[in-house]
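The basis for the numbers below is simple: all heavy atoms, side chains too, and nothing from hydrogens, waters or symmetry mates.
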Amino acid sequence: MDNLNPLVEKLKILFADSLVSIVAHNSALLGRTQKDMNLLLVFNNNFNYTLVEATIKKDSLLRRYFQTHAVLLFTAEEISNSCDIFPIEFFEILETAETLFGENLDKLIQISDANLRLQVESNIRRNIILLRKDYPHRQNHLYALLSESFNNQLITIKYILKLKKEETKDLKAADLISKLSKVSKINPEAFNTLLLELEKGRMANKRRNFWQKLFHNYHEQLTILVQDIDSLLV
């Protein structure tokens, strides 16, 4: 974290009147994937994006960092009002968040189980709809389609388990699926088979009808899962 100290000091000086918090995190949900930590900056209601942007452009150190990293800019009010819309994204950031200046992020973020359940359900339903939309014209590329869908679904599974008060820290994909099968009505075989094939990294070894069967089994289990979430009382 020492490499961020010059940036933090610059930000504190330049935005002393409006900066509430500087937080480092390595979540990529709301930005480009980075090997190192990204910054999340929280401002008070004096925040003016045009002025902030102009100030950053004048400083070579800040300009280079903002060009190569996914820096998130919020006001404290925006974070508070976004907790019902982005609970998963904020939870992911909080997992690795380290406050470098100002107020701790967990004091600004208050997420209810009800809002988390809504986003989980929304994610699964969106996944199902996109699978149905893309399947007819991507039948020769089902590996890619299922890979995109399943990678997104794994994050959602993690938060289904959180809703059901299950521990998820440091669990791998297979462990998440195993836990999910114990607290929902899904058949884990469809997820596990898909996971195994995707980890091989190649579609060429299987016929198209093999991937079609995987698709339909996976789709069926998602529809079972979303019904379970829809009826979940939180």
Side-chain angles (χ1 to χ4, degrees), residues 26-35 38 70 72 84-93 95 115-164 166 168 170-232 234:
N26 66 8
S27 169
L29 281 181
L30 291 175
R32 299 186 296 262
T33 301
Q34 298 288 335
K35 292 181 179 179
N38 291 319
L72 298 176
D84 57 341
I85 304 298
F86 301 120
I88 288 178
E89 287 81 357
F90 282 134
F91 269 133
E92 286 290 293
I93 289 172
E95 274 200 352
N115 287 330
L116 179 58
R117 191 205 68 78
L118 283 173
Q119 190 182 14
V120 164
E121 181 183 347
S122 174
N123 286 359
I124 303 172
R125 292 194 184 281
R126 183 175 185 275
N127 211 348
I128 291 170
I129 291 168
L130 290 177
L131 284 170
R132 292 172 181 169
K133 176 181 75 71
D134 291 341
Y135 178 74
H137 60 87
R138 295 185 68 179
Q139 291 196 40
N140 291 326
H141 306 281
L142 288 180
Y143 172 88
L145 173 60
L146 288 169
S147 180
E148 294 163 12
S149 172
F150 193 66
N151 287 334
N152 290 330
Q153 192 59 48
L154 283 174
I155 291 288
T156 304
I157 288 173
K158 176 180 173 182
Y159 287 95
I160 293 172
L161 292 172
K162 186 175 182 68
L163 280 171
K164 292 178 177 283
E166 297 286 333
T168 61
D170 298 326
L171 290 185
K172 295 182 179 179
D175 300 319
L176 291 171
I177 294 166
S178 176
K179 275 206 168 189
L180 180 65
S181 68
K182 295 173 183 175
V183 296
S184 73
K185 297 176 182 178
I186 66 145
N187 180 349
E189 183 180 353
F191 285 167
N192 283 328
T193 303
L194 180 55
L195 174 63
L196 181 64
E197 293 301 325
L198 292 177
E199 286 179 341
K200 293 177 182 177
R202 295 170 61 187
M203 183 177 173
N205 293 338
K206 305 290 184 180
R207 294 181 180 274
R208 189 170 77 169
N209 61 1
F210 172 85
W211 286 93
Q212 288 174 332
K213 183 178 179 180
L214 276 186
F215 173 93
H216 289 293
N217 289 343
Y218 171 60
H219 174 271
E220 180 183 21
Q221 295 308 309
L222 287 183
T223 59
I224 292 171
L225 184 58
V226 79
Q227 291 168 9
D228 178 47
I229 299 303
D230 190 44
S231 62
L232 183 62
V234 294

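Judged by distance alone, the side chain of R208 and the main-chain N or O of N140 form no donor-acceptor pair under 3.5 Å. Counting only distance, with no hydrogens or angles, the side chain of Y159 and the backbone of V120 share no donor-acceptor pair below 3.5 Å. Side chain of S178 to backbone of A174: no donor-acceptor contact under 3.5 angstrom is found. Looking only at distances, a side-chain donor or acceptor of Q119 sits under 3.5 Å from a matching main-chain atom of I88. Side-chain atoms of K164 come within 3.5 Å of backbone atoms of V183 as a donor-acceptor pair (strictly under, hydrogens ignored). Looking only at distances, no side-chain donor or acceptor of N127 sits under 3.5 Å from a matching main-chain atom of N123.
In this structure, the separation between CD1 on I85 and CG on N115 is 7.5 Å, given to the nearest 0.5 Å. Taken from OG in S147 to CD in E197, the straight-line distance is 12.5 Å, to the nearest 0.5 Å. In this structure, CG on L196 lies 5.0 Å from NZ on K200, to the nearest 0.5 angstrom. Atom CD of residue Q153 and atom OG1 of residue T156 lie 5.0 Å apart, to the nearest 0.5 angstrom. Remark: D228 CG to T223 OG1 distance equals 11.5 Å, nearest 0.5 Å. Distance check: R117 CZ to S122 OG gives 10.5 Å after rounding to the nearest 0.5 Å.
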Practice prompt. Decide side-chain contact (heavy atoms from CB on, under 4.5 Å) for L225 and L180; before the verdict, give the C-alpha distance in whole Å, the side-chain angles of both, and the deciding distance to 0.1 Å.
Written response: CA-CA 10 Å; L225 184 58; L180 180 65; 4.0 Å; yes
Worksheet entry | Chi angles and distances behind the side-chain contact (heavy atoms from CB on, under 4.5 Å) call for L232, I160 | CA-CA 10 Å; L232 183 62; I160 293 172; over 6 Å; no
Practice prompt. Test L222 against F191 for side-chain contact (heavy atoms from CB on, under 4.5 Å), laying out the working first.
Written response: CA-CA 10 Å; L222 287 183; F191 285 167; 4.0 Å; yes
Discussion item. One pair to check against side-chain contact (heavy atoms from CB on, under 4.5 Å): D175 and K179. What are the steps and the verdict?
Written reply: CA-CA 6 Å; D175 300 319; K179 275 206 168 189; 5.9 Å; no
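Of all non-hydrogen atoms in N38 and A70, the two that sit nearest each other are OD1-N, 3.7 Å.
Ionic pairing of E92 and K158 is present here: one or more N-O contacts between side-chain nitrogen and carboxylate oxygen are shorter than 4.0 angstrom. A salt bridge does not link E166 with K162: every distance from a Lys NZ or Arg NE/NH1/NH2 to an Asp or Glu carboxylate oxygen is 4.0 Å or more.
Judged as a side chain to side chain donor-acceptor pair (under 3.5 Å), and not counting sequence neighbours, the contacts of E148 are R138.
Side-chain contact check for W211 versus L194: some heavy-atom pair is nearer than 4.5 Å.
Under 3.5 Å, the side chains of E189 and Q221 contain no donor-acceptor pair of N or O atoms. With no hydrogens or angles considered, no side-chain donor-acceptor pair links T193 and Y218 at under 3.5 Å.
The aromatic rings of F215 and H219 lie parallel to each other, with less than 30° between the two planes, well short of the 60° mark.
Taking the ring centroids of Y135 and H216, they lie under the 6.0 Å cut-off.
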